[in-house]
Novice: 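Next up is a structure, given as structure tokens.
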Number of protein chains: 2
Amino acid sequence: MTTQRKEALRIRLDEAKLKKTRHRTMVLDVLDQENTFLSADDIYLKLKQEDASVSLSTVYRILETFVQTGLVSPIALDDTKPMLYEIAHAHHAHHLICRQCHKVIHVEHCPLEHYETRLEKAHGFTIDEHRLNFYGVCEACANTDQ
Amino acid sequence: MTTQRKEALRIRLDEAKLKKTRHRTMVLDVLDQENTFLSADDIYLKLKQEDASVSLSTVYRILETFVQTGLVSPIALDDTKPMLYEIAHAHHAHHLICRQCHKVIHVEHCPLEHYETRLEKAHGFTIDEHRLNFYGVCEACANTDQ
DNA sequence: GTAGGTGCAAAGAGTTTGCATACGC
DNA sequence: GCGTATGCAAACTCTTTGCACCTAC
């Protein structure tokens, strides 16, 4: 990790009003670099490669903190057991998720804004969030299949 | 459970090519009656009220069978730990989920069909399914809040 | 009668927690 | 130096599995 990059990560922790510890910086770095859904264990293993002295429970605690401060979003993908996490994106986004390679494509455009208002009126519901994911097979996997 | 209702449930099991056991009928009955998301444990407790001799592992095994035959859909709701299940609906549906009482409103209309085609072309992705859930507060909960 | 469904207990996976120590501010 | 982050181990929750027995067909 370059000094410059490290500094950028530390600034983001600072903005979230969190102590800038080595482990938090590393977890944020991994999530930011990968830019995909990762489990606590995925992150733990990656950290291990750089620094032997990390514990899985710390990763869980850091992720909990990050979720609460909005740095990271938890994602209940499909019917997978371990909870997955991704770096929070500035914009509300949807996902195209490949069932084979688990690659995730982020779709920033949201077609549902007007529809949401209609739903609220129709059902007397106050909506604060929606989650939309598409599942299928990406181009690369479709090609390697044959 | 009336004889008539029991018979209707048994026919549905038969159509799924499953042996019509007492426990399977009961699990299907609970899911059908409640028409909401239930965890394996929720179902287990309800069955216990009618019949003491049921085990939780049987409920899990029945749910797995039902999911495979398409009678029931597993739902990874939000960031909840236990997996939830609901009776499979004939039509693709979306959900309005109340964060307070966990009531679920089913929305049968889907505004995404054309959008999905556009996405497929734009990203070279073959989409086989999408999941759309709205989170917020229902009318009843909003009223009791004050 | 046979294939497969079920109960029980034990194991497994993922996650959380208590406590002593280490570290950021 | 104070408050909190962390490591370790143990506990906890949800789910699966092995095996003997039972039930639907």
Side-chain angles (χ1 to χ4, degrees), chain A residues 6-7 9-30 37-48 50-69 71-72 74-85, chain B residues 6-7 9-30 37-48 50-69 71-72 74-85:
Chain A
K6 197 169 169 180
E7 195 48 41
L9 293 170
R10 290 169 62 83
I11 287 172
R12 284 166 69 184
L13 286 174
D14 211 33
E15 283 171 350
K17 295 191 178 26
L18 294 177
K19 278 192 187 176
K20 299 175 280 295
T21 70
R22 192 167 41 93
H23 291 133
R24 283 180 179 168
T25 312
M26 289 167 75
V27 170
L28 192 58
D29 184 46
V30 168
F37 301 138
L38 295 174
S39 69
D41 200 57
D42 291 338
I43 296 168
Y44 170 67
L45 292 175
K46 283 186 188 295
L47 295 210
K48 273 279 186 186
E50 300 171 39
D51 177 351
S53 72
V54 182
S55 90
L56 183 55
S57 56
T58 297
V59 174
Y60 275 108
R61 280 189 273 227
I62 289 176
L63 285 172
E64 193 194 342
T65 308
F66 282 5
V67 168
Q68 281 173 4
T69 55
L71 281 173
V72 160
I75 296 267
L77 248 202
D78 216 343
D79 29 15
T80 58
K81 266 170 310 208
M83 180 67 73
L84 302 180
Y85 301 86
Chain B
K6 196 168 167 180
E7 196 46 42
L9 293 170
R10 290 169 62 84
I11 288 171
R12 284 166 68 184
L13 286 174
D14 211 34
E15 283 170 350
K17 297 193 178 27
L18 295 177
K19 276 193 187 177
K20 299 174 280 296
T21 70
R22 193 166 41 92
H23 292 134
R24 284 180 177 168
T25 312
M26 289 167 75
V27 169
L28 192 59
D29 184 46
V30 168
F37 302 140
L38 295 174
S39 68
D41 200 58
D42 291 338
I43 296 169
Y44 171 67
L45 292 176
K46 283 186 188 296
L47 294 210
K48 273 279 184 187
E50 301 171 37
D51 178 349
S53 73
V54 182
S55 89
L56 183 56
S57 55
T58 297
V59 174
Y60 276 107
R61 280 189 273 227
I62 289 175
L63 286 171
E64 194 193 341
T65 308
F66 282 4
V67 169
Q68 281 173 4
T69 54
L71 280 173
V72 160
I75 296 268
L77 247 202
D78 217 342
D79 29 14
T80 57
K81 266 171 312 213
M83 180 67 74
L84 301 181
Y85 300 85

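These values consider heavy atoms only, across backbone and side chains, with no hydrogens, waters or symmetry-generated copies. Quantities reported herein were computed from a predicted structural model and do not represent experimental measurements. Letters A, B, ... are given to chains in the order of the sequence lines, protein chains preceding strands, and every chain is numbered from 1.
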Novice: Do A/D42 side-chain atoms and A/S39 backbone N/O form a donor-acceptor pair below 3.5 Å?
Specialist: yes
Novice: What distance separates B/F66 CZ from B/R61 CZ, expressed to the nearest 0.5 Å?
Specialist: 14.0 Å
Novice: Within the structure, does a side-chain N or O atom of B/T58 lie under 4.0 Å from either OP1 or OP2 of C/dT6?
Specialist: no
Novice: Over how many whole Å does the gap from A/Y44 atom OH to C/dG14 atom P extend?
Specialist: 14 Å
Novice: If you check every side-chain atom of B/S55, which of C/dG7, C/dT6, D/dA5 has the closest atom?
Specialist: C/dG7
Novice: Does C/dC23 have OP1 or OP2 sitting under 4.0 Å from an N or O in the side chain of A/H23?
Specialist: no
Novice: Going from CD1 on A/I43 to CG on A/L28, what distance comes out if it is rounded to the nearest 0.5 angstrom?
Specialist: 10.0 Å
Novice: For A/M26 and C/dG24, give me the distance from atom CE to atom P, rounded to whole Å.
Specialist: 13 Å
Novice: So, taking the atom named CE in A/M83 and the one named CZ in A/F37, what distance separates them when rounded to the nearest 0.5 Å?
Specialist: 12.0 Å
Novice: Got a list of side-chain donor-acceptor pairs under 3.5 Å for residues 15-23 of chain B, not counting sequence neighbours?
Specialist:
residue, atom, partner, partner atom, Å
B/K20, NZ, B/D14, OD1, 2.8
B/T21, OG1, B/R24, N, 3.2
B/R22, NH1, B/D51, OD2, 2.1
B/H23, NE2, B/S53, O, 3.4

Novice: Could you give the distance from CG (B/L84) to CG (B/D41), rounded to the nearest 0.5 Å?
Specialist: 11.5 Å
Novice: Generate the contact string for nucleotides 15-25 of chain D. Rules: B means base contact, S means sugar-phosphate contact only, - means no protein heavy atom under 4.0 Å.
Specialist: BBBB-----BS
Novice: Grab the CG-P distance between B/L63 and C/dG5 for me, whole Å please.
Specialist: 14 Å
Novice: List in chain and number order the residues that pass side chain to side chain donor-acceptor pair (under 3.5 Å) with B/T65, two or more places apart in sequence or in another chain; answer none if no residue qualifies.
Specialist: none
Novice: Expressed as a whole number of angstroms, how long is the span from A/I43:CD1 to C/dT15:P?
Specialist: 11 Å
Novice: Give the rounded distance in Å between these two atoms: CG of A/L45 and P of C/dA13.
Specialist: 14 Å
Novice: How long is the line joining CZ of A/F66 and C1' of D/dA5, in whole Å?
Specialist: 12 Å
Novice: What's the CG-P distance between A/L13 and C/dC23, to the nearest Å?
Specialist: 18 Å
Novice: Whole angstrom is fine here: how far is it from CG in B/D42 over to C1' in D/dC14?
Specialist: 13 Å
